[in-house]
Amino acid sequence: MPAKSLEQVRNLCMRRGFVFPGSAAYGGVASFWDYGPLGVELLNNVKKAWWQDAVYARDDMDGLDAAVLMSRKVWQHSGHEATFNDPLVDNKKTKKRYRLDHLLEAQTHEVRAALYEATGSEDVVGLVHALMGQPGNAPMQLHSAQVIDPANGEQGDWTEPRQFNLMFQSHVGPVSAAQGTDEEKAARVYLRPETAQGIFMNFAHVQRSLARKVPFGIAQIGKAFRNEITPGNFIFRTREFEQMEIEFFIKPPQFVAEGEKNDEQWHEEWVQQRYRWWLRYATPPSAGNVEMEETESRFRKRAQAADELAHYAKATTDIEYLFPGALGWGEIEGVANRTDFDLSAHSKDVPEEDLKRLKLEVNKDSNEKFDYFDPDAKARYIPWVIEPSAGATRALLTFLCEAYHEELVKEPTKQEIDQIRSDAAMIRKNAEKKVKEARKDIEAGKEPKHQPDKVEAFLAQLEDVVARLPASLDEVLLALDHEGAQNLEPVKKFRPPTEKFMEDCTRTVLRLHPALAPIKLAVFPLKKNKPEIVELAKSIKQKFQKHFRTVYDDSAGIGRLYRRQDEIGTPYCITVDFESLEDGTVTVRERDTMAQERVAIDDLHDYLLPRLEL
RNA sequence: GCGGGUGUAGCUCAGUGGUAGAGCAUCACGUUGCCAACGUGAUGGUCGUGGGUUCGAGUCCCAUCACCCGCUCCA
């Protein structure tokens, strides 16, 4: 079974050096994370596996690394400056949040009329402008016009509308001018909210310099930045993240010849290719058929509904992963059919009918027309584009969650199981008393110490877990993390011995695909105060560290050394013992099966390389 | 941004106004012959931060920051 909660993965990440909170010494800063020694290895391996599949394995793909900062005009014509910039307003009563323009449009004619009169504006756009233009007044005006919350049909208690510009701003060169002045705007740049636009800017460069024929694609891996309104879920949604994006340029439908793939078929092909990639790297070689099916059941393809589609897309299929706990299904990649929207948006001299079809304005800023002469079709056109866009940092989280296993390695005795049962019974008895007290307090109008519903929900979960013992052993501690378990005395008493017990009889193992594993090989001496063994072990480590990440460790007993490597997903460990000194063989131990095999030191390279799938 | 929760040693947590603790981890010495061994000793905390109440605050109050759980985002 993979991780049961994001918390488990978070803990492991921070303890073992995958991910650390950013700027921690200063109390941290929301939504920014640093990748530690193991995290950077894993992330690099994820990117390498993607590049391998997206670029090297194909005849029709090339790489690119465009600048993070681009002309502000890129974002004006791509549509981001307009659509990534929404004034939002909250209803304090219902906790609902609305885009101000959407909220206003949902009001009755009378309500809007009152607002028009109060602000002297004539339409919703003007109204939004007016409300944003007078800080402090808006809540009062929304109140006196009796603006309704569509969620419940009642008048809302509205906050100040706030601007959420999803793009981070900076300036090129020294600027002292105030925000919004011409001087400031002229120097303004945005940190890219997607890497895609850098590819579009280079479509013609790549096509010409490599004499590429459509269909062909460009791949890019890089950081992107979005000032998200609601970051969270560890590294799932962060304000700085890394994307792995492909723009695959194809013929527009009207030029597709008999027997060639059209845009919908190319879209489908990329969905399939990308989906297979996710499954391949989510599955370790040790997985059997049952396990492979289980893994597959946690990945799905989902076509976006028409109202979900972004302004540029004709169709988008998301690839989603079932993350543990509350996060649930989350998007890890979107494969979009962006038509000729982007290249047209950045082109001059686009025919009027195309502008109309794409809902674009004439581009007077661009010096370029991103079109292409197709020698087969004998026609000049602006290509369509299929965009498979994956999150590299989300991929890291996905593979960690899927690889995380807590395995039972020592069968607990009946006595130990009974102990847990009786402890749980004690917790139940005490908690039921607390529930009664809380109910009494509520009746008497007093503030209860516990929330009866939550405590009962906790008890139900605990009972379920206990009933399924010993199979559910790994869920016992999770149950104790339940909201309703807070401040229950017996729970606090119960936790430490249970934690200790769990540690004794389980091992944590990251069953990562070997190509992703941050460390490929660990070498141990069986006995660290025998100099010959230590020396031999170190020399083996030195031999392999030139080829892939290899570590040496002698700081604990052999069992503990194995466990430490299991926890970070190292696929193979080598132990040098007394026999090694005599016959030149060592023990190779595999991570998932814990199987051991005797291999001659001279054969190690040939033994390991195919197994590591490098 | 709003509501709820949390913040004490590197990690997991205990500590309900009166001398800051445990387990694990780390380091040293001894022991240890293949799956989280053991003994002895040591290091490590201005209790998230800043104010306040008090003779006295980890504990009570206020503010602030971060994280977790929930609300139109989307890699």
Side-chain angles (χ1 to χ4, degrees), chain A residues 5-7 10-12 14-16 21-24 26-31 84 86 88-99 102-103 151 157 159-162 164 166 193-196 224 226 228-234 236-238 241-245 304 308 310 316 318-319 325-327 330-334 388-395 397-398 409-410 451 454 477 481 483 486-487 492-493 495-497 499-500 503-508 524-530 533 555-567 573 575 577-579 587 589 594 596:
Chain A
S5 77
L6 260 193
E7 206 48 41
R10 258 177 74 89
N11 273 343
L12 179 68
M14 297 199 196
R15 208 173 59 238
R16 298 304 309 268
S23 314
Y26 290 99
V29 49
S31 186
F84 265 47
D86 305 321
L88 300 178
V89 62
D90 292 303
N91 181 357
K92 288 187 210 164
K93 270 191 215 157
T94 60
K95 322 286 179 235
K96 294 276 180 195
R97 165 174 293 168
Y98 296 95
R99 268 174 64 170
H102 288 179
L103 179 68
D157 183 6
T159 62
E160 184 77 24
R162 279 154 301 121
F164 277 96
L166 259 52
E194 63 172 19
T195 58
R226 294 181 192 174
E228 295 283 354
I229 305 161
T230 314
N233 283 315
F234 190 34
F236 181 77
R237 176 167 291 117
T238 53
F241 61 105
E242 196 153 23
Q243 292 184 307
M244 307 186 289
E245 290 199 305
Q304 282 192 10
E308 291 179 79
T316 298
D318 290 338
I319 298 175
L327 182 46
E331 186 192 344
I332 51 180
E333 175 155 4
S389 172
T393 32
R394 275 189 189 176
L397 184 63
T398 300
V409 285
K410 204 189 287 172
Q451 296 190 23
K454 284 180 180 165
L477 283 174
D481 288 336
E483 234 185 321
Q486 272 164 10
N487 293 321
K492 287 179 185 171
K493 294 244 151 51
R495 182 188 283 274
E499 271 174 357
K500 179 83 177 66
E503 234 176 71
D504 285 348
C505 62
T506 61
R507 73 161 180 157
T508 302
F524 313 135
L526 186 60
K527 207 166 150 61
K528 74 170 164 188
N529 46 15
K530 185 86 179 166
I533 292 182
S555 63
I558 195 73
R560 184 180 297 273
L561 293 178
Y562 285 143
R563 291 291 194 270
R564 272 187 201 157
Q565 297 301 324
D566 287 344
E567 199 177 43
C573 295
T575 300
D577 59 15
F578 291 87
E579 221 179 309
T587 304
R589 182 261 197 189
M594 297 194 277
Q596 299 189 348

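Lettering follows sequence order; numbering is per chain, from 1.
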Is the phosphate of [N], meaning OP1 or OP2, less than 4.0 Å from a side-chain N or O of [X]?
{"X": "A:N233", "N": "B:C68", "value": "no"}
{"X": "A:N529", "N": "B:G30", "value": "no"}
{"X": "A:R15", "N": "B:A25", "value": "no"}
{"X": "A:R10", "N": "B:C68", "value": "yes"}

Nearest-Å distance for atom pair [atom1]/[atom2], residues [X] and [N]:
{"X": "A:M14", "N": "B:U6", "atom1": "CE", "atom2": "C1'", "answer": "13 Å"}
{"X": "A:R237", "N": "B:C71", "atom1": "CZ", "atom2": "C1'", "answer": "12 Å"}
{"X": "A:M594", "N": "B:C34", "atom1": "CE", "atom2": "C1'", "answer": "12 Å"}
{"X": "A:F236", "N": "B:C74", "atom1": "CZ", "atom2": "C1'", "answer": "8 Å"}
{"X": "A:F524", "N": "B:A36", "atom1": "CZ", "atom2": "P", "answer": "13 Å"}
{"X": "A:R564", "N": "B:C11", "atom1": "CZ", "atom2": "P", "answer": "17 Å"}
{"X": "A:L6", "N": "B:C69", "atom1": "CG", "atom2": "P", "answer": "7 Å"}
{"X": "A:R560", "N": "B:U31", "atom1": "CZ", "atom2": "C1'", "answer": "15 Å"}

Of the nucleotides [options], which has the atom closest to the [X] side chain?
{"X": "A:T238", "options": "B:C73, B:A75, B:G33", "answer": "B:A75"}
{"X": "A:R563", "options": "B:A36, B:G33, B:A75", "answer": "B:A36"}
{"X": "A:S389", "options": "B:A75, B:C34, B:U32", "answer": "B:A75"}
{"X": "A:R394", "options": "B:C34, B:C74, B:A36", "answer": "B:C74"}
{"X": "A:K527", "options": "B:A25, B:G33, B:C74", "answer": "B:G33"}
{"X": "A:R589", "options": "B:C35, B:C67, B:C34", "answer": "B:C35"}

Counting only Watson-Crick pairs (N1-N3 plus N6-O4 or O6-N4) and G-U wobbles (N1-O2, O6-N3), all under 3.5 Å, who is the partner of B:C74? none
Tell me the partner of B:U6, counting only Watson-Crick (N1-N3 plus N6-O4 or O6-N4) or G-U wobble (N1-O2 and O6-N3) with both under 3.5 Å; none if nothing fits. B:A66
Does A:E228 contact B:C73 through a side-chain donor or acceptor facing the base, at a distance under 3.5 Å? no
Let me know, please, whether A:G232 or A:E333 comes out on the 5' side of the other along RNA chain B by nearest nucleotide. A:G232
Using heavy-atom distances to pick each residue's nearest nucleotide on RNA chain B, tell me which of A:A390 and A:T575 is more 5'. A:T575
Nearest-Å distance once atom [atom1] is located in both [N] and [M]:
{"N": "B:G10", "M": "B:U64", "atom1": "P", "value": "28 Å"}
{"N": "B:G39", "M": "B:A63", "atom1": "P", "value": "49 Å"}
{"N": "B:C65", "M": "B:U49", "atom1": "C1'", "value": "7 Å"}
{"N": "B:G45", "M": "B:C13", "atom1": "C1'", "value": "14 Å"}
{"N": "B:U43", "M": "B:G50", "atom1": "C1'", "value": "30 Å"}
{"N": "B:A25", "M": "B:C61", "atom1": "C1'", "value": "37 Å"}
{"N": "B:A14", "M": "B:A75", "atom1": "C1'", "value": "41 Å"}
{"N": "B:A9", "M": "B:C24", "atom1": "C1'", "value": "12 Å"}

Carboxylate-amine/guanidinium proximity below 4.0 Å for A:E567 and A:R564: no
Does A:E194 reach a base, just sugar-phosphate, or nothing at all? Heavy atoms under 4.0 Å. nothing
